[in-house]
Amino acid sequence: MTFATQLLHTGNEIDKTTGASAVPIYQASTFHQEDADHPPQYEYARSGNPTRDALEKTIAALEGGTRGFAFASGMAAISTALLLFSAGDHLIATDDIYGGTFRMLTTVLNRLGIETTFVDVTELDNIRAAIRPNTKGIVLETPSNPLLQITDLAGAAALAKEHGLLTIVDNTFQTPYLQRPLDVGIDVVVHSATKFLGGHSDLVAGLAVTKDTVLGHRLAQLQNSFGAVLGPQDCFLLQRGIKTLKVRMDASCDGAERVARWLSERDDIAKVYYPGLSTHKGHEVHKSQSSRFGAVLSFDAGSAERAKELMKRVELPLVAVSLGGVESILSYPATMSHSGMPQAERHKRGITDGLLRLSVGLEDAEDLIADLEQALDRLK
Ligand SMILES: *Cc1c(COP(=O)(O)O)cnc(C)c1O
C-alpha cells in the first residue's frame, strides 16, 4: 500500500463498535472493569484511551514502527524520549537544534546528570570525535531548525550502532510522508505534531515512534510514568489532520520550491537556506534520504531592522512562532523559536539577526511571491 492510501487506511479508520467513519472522542478518564482479576484493554486513560490508541497506531504505521505514543506537546514527546537516559550518561546533539530541546538539554537534563555536547553533525566525523566512554545517545534533526542543515541519517545510525548509542531524530519538518528515519536504522522518531501532522495551527501535540519492541516497552512505561499524554479531543483533531497530510505537504513543497528560487535570485537577500537549492550544503544527502525538500525555508534579510520591517509589511503570512500550518507562517528565530538560546550561542550557530524563517502554507505561490515582493521593494 502506498503512503497516500495508508494515510486513510491503517486498519483503525472506523470505530470498532459502531462502524462510525471516524474513531470518536472517548471522553472518559476510566473504564468499567467486569472482573477484578482480568483487567480490560483500557483501564485508566493516562495508560490508554481508544481515541489516543487509534492515533498512536496510525503514527506507528506511517513511520514504519511497531509502537506510537501521543503526548501533550512536541516538547513532552522529546522530553519523555530523553528520559530513556540516566544520570552519568553523555549525549551528542546537533548544534542547530530546536530552541526548546536546547533548553531541555541545557537547563533540565544537565541538572539530572545528563550532559550534552553540541556538534556540527553535518560532518559525521564531528560526532565520532565527540564520543566518550559514557556517551549513550545522539539527538538529531534533519533538516535542522532554522538553518535547514542536513545530516546523513543512515550514516549517523550506522555510527551509533557501531558504538552502541541510541539515536533520536526529530522528524517534524519532513513528516513520515517525506522521510522515514526508522527505515534507515534510527531508534526513536519524535514529532511536534503541532506542525505539519496537525497541519491547521489549531492544536499542540507531540508524537514518538519506535520500531524495536523492547524500546517501545520502555517508552510506554515512561509515557505512563511521566504522564504528559494527549487528551482525546486533541487526538481526534490530530487524526483528522493527518488524513490530508500528503495533499497539504505536496502543495506546500511546490510553493516552498518556487519561493526559495525566487528569493535566491534577489540581490537584496543575503542568503537563502533551503535543501531544494542545488547550492545548499547537503542537497545531495537530503535527496538520498527524503522524497521532497519540505515546506520550510529561511533567508537572511540583511539586518535586524530589515527583517523586522519585512515582518510588518507582509500581508499574507501569519507572523508568528510555529510552522506547518495551512497558512504560511513567517517567524523571526532570534526572538521567537530561539529566544531560549543566548545571543552569543545563536550567532556562533549562524542564526543571525537578519534571519527569517518561512513555512509555506497552501496559498498560491504567485500570491506569496507578490506579497514578499511588495514588502521587500519598500524596504530601505
Ligand atoms: C515546534 C517544534 C518542537 C516543539 O514542539 P511543541 O509542539 O511546540 O512542543 C520541537 N521540534 C521542532 C523541530 C519544532 O519545530
Side-chain angles (χ1 to χ4, degrees), residues 55 59 63 69-83 93-109 116 118 121 139-151 153 168-176 178-179 181 186 188-209 223 226 228-231 234-235 237-238 241-242 249 252 256 273 275 286 290 294-298 318 320-325 328-333 335-341 349 351 355-361:
L55 168 66
I59 193 63
E63 284 285 3
F69 304 93
F71 296 91
S73 68
M75 280 318 303
I78 293 166
S79 302
T80 304
L82 288 171
L83 292 178
T94 169
D95 61 1
D96 191 32
I97 198 165
Y98 177 72
T101 310
F102 179 80
R103 184 165 47 216
M104 181 68 192
L105 290 166
T106 58
T107 69
V108 181
L109 291 181
T116 306
F118 296 91
V121 295
V139 183
L140 302 171
E141 284 174 34
T142 181
S144 66
N145 182 17
L147 298 176
L148 290 309
Q149 291 177 6
I150 306 303
T151 305
L153 287 176
I168 299 178
V169 167
D170 183 334
N171 203 27
T172 300
F173 274 36
Q174 294 306 95
T175 81
L178 304 183
Q179 177 171 282
I186 295 297
V188 183
V189 167
V190 290
H191 282 282
S192 170
T194 311
K195 316 294 167 54
F196 293 103
L197 289 169
H200 295 73
S201 304
D202 56 6
L203 85 136
V204 171
L207 295 167
V209 186
Q223 182 194 38
F226 196 67
V229 295
L230 190 64
D234 285 342
C235 287
L237 269 182
L238 180 49
I242 287 174
M249 211 63 197
S252 287
Y273 302 86
H286 180 87
S290 191
V296 182
L297 57 103
S298 293
L318 193 63
V321 171
S322 200
L323 55 103
S328 291
I329 302 177
L330 183 66
S331 54
Y332 185 56
T335 62
M336 294 181 180
S337 58
H338 286 65
S339 59
M341 193 175 277
R349 286 165 162 77
I351 305 167
L355 193 74
L356 288 163
R357 189 187 70 198
L358 180 67
S359 166
V360 177

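Whatever order the structure lists them in is the order used to number ligands and atoms, beginning at 1. The residues of the chain are indexed from 1 along the displayed sequence. Bear in mind the structure is a predicted one, so any value in this text is a computation, not a measurement.
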> Parallel, tilted or perpendicular for Phe118 and Phe102, by the 30°/60° rule?
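Correct class here is tilted.
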
> Using a 4.0 Å cutoff against the non-hydrogen atoms of Ala205, which atoms of ligand 1 qualify?
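Per the distance check, 7 (O).
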
> Atoms of ligand 1 less than 4.0 Å from Asp170 heavy atoms?
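Under 4.0 Å from Asp170, ligand 1 has these atoms: 10 (C), 11 (N), 12 (C), 13 (C).
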
> Just need the protein heavy atom nearest to atom 7 (O) of ligand 1, so name the residue and atom and give the distance.
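Going by distance alone, atom 7 (O) of ligand 1 is nearest to Thr194 OG1, 2.6 Å.
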
> In ligand 1, which numbered atoms sit nearer than 4.0 Å to a non-hydrogen atom of Ser73?
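Selected atoms, number and element: 7 (O), 9 (O).
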
> Between Ser192 and ligand 1, is there a nitrogen or oxygen pair with a distance under 3.5 Å?
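By distance alone, the answer is yes.
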
> Distance to 0.1 Å, residue and atom name: give those for the protein heavy atom nearest to atom 9 (O) of ligand 1.
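Among all protein heavy atoms, the one nearest atom 9 (O) of ligand 1 is Met75 N, 2.8 Å.
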
> For Thr94 and Asp96, what are the C-alpha separation, side-chain angles and deciding distance, and is it a side-chain hydrogen bond (donor to acceptor under 3.5 Å, both in side chains)?
CA-CA 5 Å; Thr94 169; Asp96 191 32; 5.9 Å; no

> Is there a donor in the side chain of Asn171 and an acceptor in the side chain of Glu63, or the other way round, less than 3.5 Å apart?
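The answer is yes; a qualifying pair exists.
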
> Give me the nearest non-hydrogen protein atom to atom 4 (C) of ligand 1 as residue plus atom name, then the distance to 0.1 Å.
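In this structure, atom 4 (C) of ligand 1 has Tyr98 CE2, 3.4 Å as its nearest protein heavy atom.
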
> Between Thr80 and Gln223, is the side-chain hydrogen bond (donor to acceptor under 3.5 Å, both in side chains) condition met? List the steps.
CA-CA 7 Å; Thr80 304; Gln223 182 194 38; over 6 Å; no

> Please report which non-hydrogen protein atom sits nearest to atom 14 (C) of ligand 1, along with the residue it belongs to and the distance in Å to one decimal place.
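Residue, atom and distance for the closest contact: Lys195 NZ, 3.0 Å.
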
> For a 4.5 angstrom cut-off between non-hydrogen side-chain atoms, does Asn145 reach Ile97?
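In short, these two side chains do not touch, never coming nearer than 4.5 Å.
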
> Work out which heavy atom in Leu203 is nearest to a heavy atom in Thr194; give both atom names and the distance.
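Between these two residues, the closest heavy atoms are O-CG2, 3.2 Å.
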
> Provide the number and element of each atom of ligand 1 under 4.0 Å from a heavy atom of Ile78.
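Checking each atom against Ile78, I get 10 (C).
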
> Under 4.0 Å from a heavy atom of Gly74: which atoms of ligand 1 are those, numbered in the order shown and with their elements?
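Counting atoms of ligand 1 from 1, those under 4.0 Å from Gly74 are 5 (O), 6 (P), 7 (O), 9 (O).
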
> Once rounded to the nearest 0.5 Å, what's the spacing between atom CD1 of Ile59 and atom NE2 of His191?
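The NE2 atom of His191 is 4.5 Å from CD1 of Ile59, to the nearest 0.5 Å.
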
